[in-house]
Amino acid sequence: MADRWDQNPVALKTVGDNPRLGQVLISQTQIAERVKDLAGEIIRSYHQGESFDLVIVAIMTGSLIFLADLVRAMPLPIRIAIMMVSNYPGASMESKGVKINYDVKEEISGKHVLVVDDILDTGQTLFTVAALLRERGAKSVRTCVLLDKLLPEPKCIAADFVGFQVPNKFVVGYGLDYDNLFRNYPAIAVLEV
Ligand code: 5GP
Ligand code: MG
């Protein structure tokens with residue numbers, strides 16, 4: 001069996017004939033370079049003198065792969081906590097409302113918190129999570145997304161750290177799913193319906 005996605009007819013047919021992987025928007029190499037730069041930006045902005053104190057709250061499951069690469073490019077003492085939040089559950093390509101399925105267990109009060117997510121679409125997810133963590137007494141709450149989707153209308157939140165901007169299309173790969181598939185595709189591609 002071919003070990004590359006583009007040579008593997010089985011991989012490309014995982015969800016039947018439709019929908020399937022379309023145009024690759026961001027390559028593996030581009031992601032790797034940008035994630036390293038992003039980690040540098042984050043480190044510089046949180047590093048004050050000798051002290052560095054940060055809790056990363058990662059929104060699962062979409063941020064899984066991004067998180068793993070990002071934190072390994074940050075050689076500092078970081079605490080990692082997770083939250084499971086769904087807005088586009090299962091095989092949906094439109095928002096069903098933000099739902100917290102698993103809440104963060106790490107102590108947030110008095111901490112600098114960086115919320116990490118895969119993609120900023122309407123902003124409802126990040127807005128809801130950031131507000132909740134502020135309510136719980138975080139010293140600061142900032143946000144980081146790999147992707148920011150270009151929408152015609154204004155968003156309820158802007159991310160502090162952004163990897164790439166993408167067009168207003170449903171994208172998958174590098175952690176982003178459709179019906180929990182394609183998360184392990186290593187680049188960012190448009191889902192063709
Ligand atoms: P928002 O709450 O900003 O509208 O949507 C953010 C969440 O919706 C992300 O955490 C992600 O799970 C999901 N989402 C939004 N757009 C896309 C997309 O194009 N592809 C995938 N796979 N998920 C998306
Ligand atoms: Mg999500």
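Each residue takes its place number in the sequence, starting with 1. When a ligand or atom number is given, it counts from 1 through the structure's own listing order.
Annotation: V172 places no N or O atom under 3.5 Å from an N or O atom of ligand 1; distance criterion only. Between T122 and ligand 1, at least one pair of N/O atoms sits closer than 3.5 Å.
Residues L67 and F164 are members of one and the same hydrophobic cluster, defined by side-chain heavy-atom contacts under 4.5 angstrom among Ile, Leu, Val, Met, Phe, Trp and Tyr. Under the 4.5 Å side-chain contact rule for hydrophobic residues, L146 and I42 share a cluster.
Between K155 and ligand 1 there is no heavy-atom distance shorter than 4.0 Å. Between G62 and ligand 1 there is no heavy-atom distance shorter than 4.0 Å. Remark: distances from the non-hydrogen atoms of F170 to ligand 1 include one below 4.0 Å.
Ligand-side atoms of ligand 1 in range of G123: 1 (P), 3 (O), 4 (O), range being under 4.0 angstrom from any heavy atom. Residue K149 approaches ligand 1 through these ligand atoms, each under 4.0 Å from one of its heavy atoms: 16 (N), 17 (C), 18 (C), 19 (O). The distance from ligand 1 to the heavy atoms of D117 drops below 4.0 Å at these ligand atoms: 9 (C), 10 (O). Those atoms of ligand 1 that come under 4.0 Å of a heavy atom in L176, given as number and element, are 20 (N), 21 (C), 22 (N). Each of the atoms 19 (O) of ligand 1 lies under 4.0 Å from some heavy atom of K169. Heavy-atom contacts of T125 reach the following atoms of ligand 1: 1 (P), 2 (O), 5 (O), 6 (C), 7 (C) (cutoff under 4.0 Å). Close approach of ligand 1 to D177 is summarised as follows: ligand atoms under 4.0 Å from at least one heavy atom of the residue are 21 (C), 22 (N). Under a 4.0 Å criterion applied to the non-hydrogen atoms of I119, ligand 1 contributes the atoms 6 (C), 9 (C), 11 (C), 14 (N), 15 (C), 16 (N), 17 (C), 19 (O), 24 (C).
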Margin query: Does S63 form a side-chain hydrogen bond (donor to acceptor under 3.5 Å, both in side chains) with D117? I'd like the steps, not just the answer.
Written below: CA-CA 5 Å; S63 72; D117 203 1; 5.0 Å; no
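Every side chain to side chain donor-acceptor pair (under 3.5 Å) that R34 has, sequence neighbours left out, goes to E41.
At a 4.0 Å heavy-atom cut-off, ligand 1 touches D118 through the side chain alone.
In this structure, the separation between CE on M84 and CE on M60 is 8.0 Å, given to the nearest 0.5 Å.
Contact of the C144 side chain with the L38 side chain is registered, since non-hydrogen atoms from C-beta on lie closer than 4.5 Å.
Ring pair F66/Y174 is tilted by interplanar angle, where 30° to 60° counts as tilted.
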In a table with atom names and distances, give each donor-acceptor pair under 3.5 Å that connects a side chain of residues 150-160 to protein atoms at least two apart or in another chain.
| unit_1 | atom_1 | unit_2 | atom_2 | d |
| --- | --- | --- | --- | --- |
| K155 | NZ | L120 | O | 3.2 |
| K155 | NZ | D121 | O | 2.9 |
| K155 | NZ | D148 | OD1 | 2.8 |
| K155 | NZ | K149 | O | 2.4 |
| D160 | OD2 | T143 | N | 2.9 |
| D160 | OD2 | T143 | OG1 | 3.4 |

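Atom CZ of F161 has more than 12 neighbouring heavy atoms from other residues, nucleotides or ligands inside a 6.0 Å radius.
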